[in-house]
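In what follows, a single structure is set out as structure tokens and then discussed.
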Amino acid sequence: MTKHAISFEFFPPKTDEGLGKLQLVQQKLLKKNPEFFSVTFGAGGSTRDRTWDTVMKVREGGTDTAPHLSCIGQDQSEVTDLIHRYRDAGITRLVALRGDMPSGMGYAQSALKYADDLVRLIRAETGDHFTIEVAAYPEMHPQARSFTDDIAHFKRKIDAGANNGITQYFYNADAYAYYMEQLDKLGVTAPVVPGIMPITNFANLVRFSDACGADIPRWVRKGAEHQPDDGSLRAFGEEVVTRLCERLLALGAPGLHFYTMNQSAASLRILDNLGL
Ligand code: FAD
């Protein structure tokens with residue numbers, strides 16, 4: 001079987017106890033031999049220190065660990081400082097994002113308005129040191145003016161020096177197929193790995209999806225709503241997401257990036273089902 005690059009995303013726990021639990025989760029995920037783990041970064045730098053601490057703990061497991069770094073609302077010198085600190089600590093991969101500001105929170109205008117500005121800054125400051133991952137949106141970023149505009153902005157990030165894309169999660173494989181076809185037409189050949197969100201807590205998923213513009217197809221929504229208990233919801237979600245992953249890999253997806261929500265069970269079951 002072709003080797004697919006598997007990666008797992010964590011968010012930084014709030015406490016040391018949470019960090020200890022996350023290391024146990026990580027140990028379970030390590031048996032899938034991931035290419036890397038990544039750790040999210042809170043809006044406007046709100047988890048700056050906790051992201052750093054989590055990255056340093058997670059990398060003790062011996063696998064490449066990529067901090068997410070967002071630029072909106074942040075002073076360029078602070079962002080530059082953090083990029084240098086990660087390089088000096090031996091980190092070799094970054095997930096470069098614009099990020100979002102929490103609504104109602106004012107912020108200083110920064111020279112770094114979009115993710116491509118951040119990619120350019122990373123390359124200017126550290127050359128080819130980092131492998132740079134950027135976000136991709138097969139169902140279109142919610143603030144984009146049009147699909148065509150959004151895909152052109154993805155290309156802009158690759159042209160600025162990013163290596164790979166990781167998508168927002170989605171449940172419609174055709175959206176990924178179409179997105180990849182359109183990138184191909186623009187001459188963009190960078191690998192784009194689908195982001196996979198296992199379905200476990202459906203109410204949370206709906207809330208989250210409304211905010212980030214991810215579509216939950218009606219048949220998935222209705223199917224999930226009619227499950228009699230948590231166990232059958234998990235089984236339903238696992239089947240839906242396993243089938244999605246099968247289709248994505250058949251379409252040529254180079255790997256799968258799991259939004260783990262700091263849990264291992266659902267991602268592991270899906271990977272087991274896929275024989276990966
Ligand atoms: P950009 O690529 O800059 O795009 C943002 C919007 O602006 C898009 O609508 C785009 O079409 C448009 N645009 C881009 N360039 C231009 C331009 N030059 N002129 C006009 N319009 C433009 N958020 C976090 O806060 N922390 C995280 O750790 C985090 N991790 C993520 C990981 C992944 C894999 C993904 C897919 C998303 C993640 N996010 C995270 C969410 C992300 O920050 C938001 O989706 C944010 O709204 C956009 O970030 P971006 O990097 O895609 O922005």
Side-chain angles (χ1 to χ4, degrees), residues 5-13 35-48 50-52 54-55 58 65-74 79 82 86 93-103 105 107 110-122 131-170 175-176 179 182-183 186 188 190-197 208-215 253 255-262:
I6 303 301
S7 48
F8 297 110
E9 180 172 314
F10 296 141
F11 59 83
E35 176 144 318
F36 65 94
F37 291 99
S38 79
V39 182
T40 62
F41 188 77
S46 56
T47 68
R48 190 185 165 102
R50 283 193 284 118
T51 297
W52 173 279
T54 306
V55 166
V58 168
T65 304
H68 294 209
L69 178 56
S70 67
C71 59
I72 197 169
Q74 296 208 81
V79 178
L82 194 50
Y86 277 129
R93 189 187 295 260
L94 289 174
V95 183
L97 303 146
R98 182 198 71 173
D100 293 307
M101 292 304 289
S103 55
M105 188 171 157
Y107 57 92
S110 155
L112 305 171
K113 287 195 172 57
Y114 295 106
D116 63 307
D117 298 323
L118 177 58
V119 173
R120 234 172 270 112
L121 177 70
I122 298 167
T131 298
I132 304 179
E133 314 280 338
V134 288
Y137 300 88
E139 294 184 323
M140 204 175 113
H141 184 267
Q143 290 157 2
R145 274 186 308 194
S146 68
F147 182 83
T148 315
D149 250 29
D150 204 29
I151 207 155
H153 293 317
F154 178 77
K155 180 177 186 305
R156 202 192 283 256
K157 294 191 273 195
I158 298 297
D159 291 346
N163 301 93
N164 309 305
I166 302 176
T167 76
Q168 182 58 278
Y169 68 87
F170 57 89
Y176 177 77
Y179 191 78
Q182 299 309 306
L183 284 183
L186 289 180
V188 179
V192 178
V193 174
I196 304 298
M197 179 72 89
F208 216 53
S209 303
D210 286 346
C212 69
D215 187 46
L256 299 169
H257 177 80
F258 283 84
Y259 295 105
T260 67
M261 308 307 285
N262 291 4

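Please read these numbers as outputs of a predicted model, since none were measured by experiment. In this chain, residues are counted from 1 in sequence order. Remember, it's 1-based here, ligands and their atoms both numbered in the order they're listed.
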Among all protein heavy atoms in this structure, tell me which lies nearest to [atom], with the distance rounded to 0.1 Å.
atom: atom 23 (N) of ligand 1; result: Gly99 CA, 4.3 Å
atom: atom 9 (O) of ligand 1; result: His141 ND1, 2.8 Å
atom: atom 11 (O) of ligand 1; result: Asp150 OD1, 2.6 Å
atom: atom 47 (O) of ligand 1; result: Asp100 OD1, 2.5 Å
atom: atom 51 (O) of ligand 1; result: Arg98 N, 2.8 Å
atom: atom 20 (C) of ligand 1; result: Tyr114 OH, 3.4 Å
atom: atom 34 (C) of ligand 1; result: Tyr259 OH, 3.3 Å
atom: atom 35 (C) of ligand 1; result: Ala135 CB, 3.7 Å

Task: Check: Val192 main-chain N/O paired with Tyr176 side-chain donor or acceptor under 3.5 Å - done: yes
Open item on the list: Go through it in stages, so that I can follow the logic: the residues are Glu9 and His257, the test is side chain to side chain contact (heavy atoms under 4.5 Å, CB included), and I'd like the CA-CA distance, side-chain angles, deciding distance and then a yes or no.
Closed with: CA-CA 7 Å; Glu9 180 172 314; His257 177 80; 2.8 Å; yes
- [ ] Go through the steps to decide whether Thr40 and Thr47 satisfy the test side chain to side chain contact (heavy atoms under 4.5 Å, CB included), and finish with yes or no.
- [x] CA-CA 8 Å; Thr40 62; Thr47 68; 5.9 Å; no
Task: Interatomic spacing from CD1 in Ile132 to CG in Leu118 - rounded to 0.5 Å - done: 7.5 Å
- [ ] Can you measure from CG (Asn262) to CZ (Phe11) and round to the nearest 0.5 angstrom?
- [x] 4.0 Å
Open item on the list: Please determine whether a side-chain nitrogen of the Lys or Arg among Lys113 and Asp117 lies less than 4.0 Å from a carboxylate oxygen of the Asp or Glu.
Closed with: no
- [ ] Check each of Arg156, Arg98, Lys155, His153 against Asp116 using the side-chain contact (heavy atoms from CB on, under 4.5 Å) test, and report the only one that passes.
- [x] Arg156
Open item on the list: One pair to check against side chain to side chain contact (heavy atoms under 4.5 Å, CB included): Phe41 and Gln74. What are the steps and the verdict?
Closed with: CA-CA 12 Å; Phe41 188 77; Gln74 296 208 81; 3.3 Å; yes
I want to know if ligand 1 touches [X] in the polar sense, i.e. an N/O pair below 3.5 angstrom.
X: Ala144; answer: yes
X: His68; answer: yes
X: Asp149; answer: no
X: Thr167; answer: no
X: Ala136; answer: no

Open item on the list: Could you check whether any heavy atom of Arg145 sits closer than 4.0 Å to an atom of ligand 1, since that is the contact criterion I want to use?
Closed with: no
TODO: Answer side chain, backbone, both or neither: which part of His257 comes under 4.0 Å from ligand 1, heavy atoms only.
DONE: neither
Open item on the list: Can you tell me which portion of Lys157 lies within the under-4.0 Å heavy-atom range of ligand 1? Options are side chain, backbone, both, or neither.
Closed with: side chain
Open item on the list: With side chain to side chain contact (heavy atoms under 4.5 Å, CB included) as the criterion, how do Asp150 and Tyr179 come out once you've worked through the C-alpha distance, each side chain's angles and the decisive distance to 0.1 Å?
Closed with: CA-CA 10 Å; Asp150 204 29; Tyr179 191 78; 5.6 Å; no
TODO: Give a yes-or-no answer on whether the side chains of His68 and Ser38 include a donor-acceptor pair shorter than 3.5 Å.
DONE: yes
TODO: Taking only heavy atoms of Tyr137 into account, list the atoms of ligand 1 that are under 4.0 Å away from them.
DONE: 37 (C), 42 (C), 44 (C), 45 (O), 48 (C), 49 (O), 50 (P), 52 (O)
TODO: Could you pull out, from His153, Gln143, Gln168, the option with a heavy atom nearest to atom 15 (N) of ligand 1?
DONE: His153
TODO: Closest by any non-hydrogen atom to atom 29 (C) of ligand 1: pick that one out of Ile166, Leu97, Thr40.
DONE: Leu97
Open item on the list: Yes or no, since that's all I need: does a protein heavy atom fall within a distance strictly under 4.0 Å of atom 4 (O) of ligand 1?
Closed with: no
Open item on the list: Working note: Tyr169 + Ser209, criterion side-chain hydrogen bond (donor to acceptor under 3.5 Å, both in side chains); need CA distance, chi angles, decisive distance, verdict.
Closed with: CA-CA 9 Å; Tyr169 68 87; Ser209 303; 2.6 Å; yes
Open item on the list: Taking the six-membered ring of Phe36 as reference, does the cationic atom of Arg93 (NZ for Lys, CZ for Arg) lie under 6.0 Å from its centre and within 45° of its axis?
Closed with: yes
